Peer 1: 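Would you mind keeping the following structure in view while I ask a few things?
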Amino acid sequence: MRRLARIITLFTATAALLFGLGFPAHAFPQAAFPPASSGSRGSDVVALQHLLAAHGRTVTVDGVFSSGTQSAVVGFQQSKGLAADGIVGPATWGALAITVRQGDNGPAVKALQSLLNAKRGAGLSVDGAFGAASNSAVRTFQSHAGIGADGVVGPTTWQNLLWHYENINFGGSSMCAQSPDGNAGAHWATAGAVGQLEAAAATFATTGNGKLPVGDAGFEHGGSIPGHGSHQVGMDIDVWPIRTDSAQCTAGRITWQSSTYDRAATRRLVQEIRAKAPGHVQLIFFNDPQLIAEGLTTSYPNHHTHLHSRNLSGPGRGRSGPRPSAALSGSPAWCRPRRAPVPR
């Protein structure tokens, strides 16, 4: 319980800091290292695994925070005199982050290159060689973040890069982008939330039930988003239920009450979303009473047409977590929907 209380407190403080204080569009001085723990996945975990390798730890670089990664984290924490809890928070990230610059080589440079590709679409070869292309990409990111553009990747650059949201990749055949509230480009979220969604969509695509329609997530640097009372700190992503004709990306929008609603396929989708980030899905709002009875989704007003998944892809995670009702009853206004989407 103490461990759970600690990460929930850390999450609340970080979210309040990032959202409450605000930041200009191209500078984020309140950027914080995003905690990672067992069950996390995505580009931040890829970077973590490369950085562990840079410190001599043997770990598979696959973007999944599995038992092997947790063991490597605990071993590293013990070697540095840190709390050996397997949670990668600010102190552990700070100890892992190695200052690199042009001319350097090794796993820490691979961590940098993979993050620049995931967060800013840099298109770098992840070869561990800090050459001219990596230097240019670093300086471009530093300018974007409003920090000193000197090409040297120290603690501040690592922190801003790890914090930065990631754009959902619609380039494959598993998802389609939707903007029901006219929020073009609102497909950014934390690396953990994006990694979970993309993995779930890839597995769901093998079922033959069509692509996964993805509605709003958030903007590149967070903040208020029209049509939503949440989606402001990178944890929330909307997806649409599955149709019996598998045409959810091209045909009309449905509710769980529609004749073309495919409950079995939607159930499978929810199961995949949960399975891809065990212990990190705080809730999935969707008002299908059968899925609610099965404990897969949670009822909430105005969630007939879409599934709202919240991934605690930072603090507030673990194999147990706050009950959805508890998380909402005392939550600030930005956790609550403002209005119902218009079914289409």
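All values below come from the heavy atoms of this structure, side chains included, with hydrogens, waters and symmetry mates left out. All of these numbers come straight from a predicted model, not from anything done at the bench.
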Peer 1: Between Tyr261 and Leu212, is there shared hydrophobic-cluster membership here, with clusters defined by ILVMFWY side-chain heavy atoms closer than 4.5 Å?
Peer 2: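 Yes, same cluster.
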Peer 1: In plain terms, say whether Asp262 and Arg243 are close enough for a salt bridge, that is, a side-chain N and a carboxylate O under 4.0 Å apart.
Peer 2: no
Peer 1: Is there a path from Leu269 to Phe170 through hydrophobic residues (I, L, V, M, F, W, Y) whose side chains come within less than 4.5 Å of each other?
Peer 2: yes
Peer 1: When you compare the side chain of Val153 with that of Phe130, does any pair of heavy atoms fall below 4.5 Å?
Peer 2: yes
Peer 1: With a 4.5 Å limit on heavy-atom distance, are the side chains of Asp216 and Ile237 in contact?
Peer 2: no
Peer 1: Please state whether the rings of His221 and His164 are parallel, tilted or perpendicular, taking 30° and 60° as the class boundaries.
Peer 2: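 Ring orientation of His221 relative to His164: perpendicular.
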Peer 1: Atom NZ of Lys211 and atom SG of Cys176: how far apart are they, to the nearest 0.5 Å?
Peer 2: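 Here the interatomic distance stands at 6.5 Å.
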Peer 1: Evaluate the side chain to side chain donor-acceptor pair (under 3.5 Å) criterion for residues Thr60 and Asp62: first the C-alpha distance (whole Å), next the side-chain angles of each, then the deciding distance (0.1 Å), finally the verdict.
Peer 2: CA-CA 6 Å; Thr60 300; Asp62 58 4; 5.6 Å; no
Peer 1: Using the rule that two of Ile, Leu, Val, Met, Phe, Trp, Tyr join whenever any of their side-chain heavy atoms come within less than 4.5 Å, decide whether Ile168 and Val46 are in one cluster.
Peer 2: no
Peer 1: Below 4.5 Å, heavy atoms only, C-beta onward: do Thr92 and Phe33 meet side chain to side chain?
Peer 2: no
Peer 1: Kindly state whether the ring of His306 and the ring of Phe285 have centres lying under 6.0 angstrom apart.
Peer 2: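 No, they do not, as the ring centres are separated by 6.0 Å or more.
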Peer 1: Give a yes or no on whether the backbone of Gln142 and the side-chain of His144 come within a donor-acceptor separation of less than 3.5 Å.
Peer 2: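 No: the side chain of His144 does not pair with the backbone of Gln142.
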Peer 1: Would you say that Asn311 contacts Gln282 through its side chain, given a criterion of any heavy-atom pair below 4.5 Å between the two side chains?
Peer 2: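 No, side chains not in contact.
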Peer 1: Taking the side chain as C-beta and beyond, is there a heavy-atom pair between Ser43 and Glu166 under 4.5 Å?
Peer 2: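 Touching, per the 4.5 Å side-chain cut-off.
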Peer 1: Could you tell me whether Arg120 and Glu220 make a salt bridge, using a distance below 4.0 angstrom between a side-chain N and a carboxylate O?
Peer 2: yes
Peer 1: Evaluate the criterion ring-ring contact (aromatic ring centres under 6.0 Å, His included) for residue pair Phe76 and His55; output intermediate values, then yes/no.
Peer 2: CA-CA 8 Å; Phe76 174 77; His55 287 273; 4.9 Å; yes
Peer 1: According to a hydrophobic-cluster definition based on side-chain heavy atoms being under 4.5 Å apart (Ile, Leu, Val, Met, Phe, Trp, Tyr only), do Val64 and Val61 belong together?
Peer 2: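 In one cluster with Val64: Val61, no.
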Peer 1: Are Phe286 and Ile292 connected in a single hydrophobic cluster, I mean Ile/Leu/Val/Met/Phe/Trp/Tyr linked by side-chain heavy atoms less than 4.5 Å apart?
Peer 2: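 No, no single cluster joins them.
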Peer 1: Rounded to the nearest 0.5 Å, what separates atom NE2 in His308 from atom CD1 in Ile284?
Peer 2: 10.0 Å
Peer 1: Could you walk me through whether Tyr165 and Thr190 satisfy the side chain to side chain contact (heavy atoms under 4.5 Å, CB included) test, starting with their C-alpha distance in whole Å, then the side-chain angles of each, then the deciding distance to 0.1 Å, before giving a yes or no?
Peer 2: CA-CA 5 Å; Tyr165 295 168; Thr190 62; 4.0 Å; yes
Peer 1: Please answer whether the main-chain N or O of Lys110 pairs with a side-chain N or O of Ser114 as donor and acceptor at a distance below 3.5 Å.
Peer 2: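 Looks like yes, one N/O pair under 3.5 Å.
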Peer 1: Without swapping roles, check the side chain of Thr140 against the backbone of Ser136 for a donor-acceptor pair under 3.5 Å.
Peer 2: yes
Peer 1: Quick one: CD on Gln290 to CZ on Arg263, what's the gap to the nearest 0.5 Å?
Peer 2: 5.5 Å
Peer 1: With distance as the sole criterion, is a donor-acceptor pair present between the side chains of Ser125 and Asp127 under 3.5 Å?
Peer 2: no
Peer 1: Do Ile254 and Thr305 have side chains that get closer than 4.5 Å, going by heavy atoms?
Peer 2: no
Peer 1: With Arg57 as reference, evaluate Leu52, Leu96, Val73, Thr69 under the side-chain contact (heavy atoms from CB on, under 4.5 Å) test and give the passing residue.
Peer 2: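 It is Leu52, the one option of Leu52, Leu96, Val73, Thr69 that forms the side-chain contact (heavy atoms from CB on, under 4.5 Å) with Arg57.
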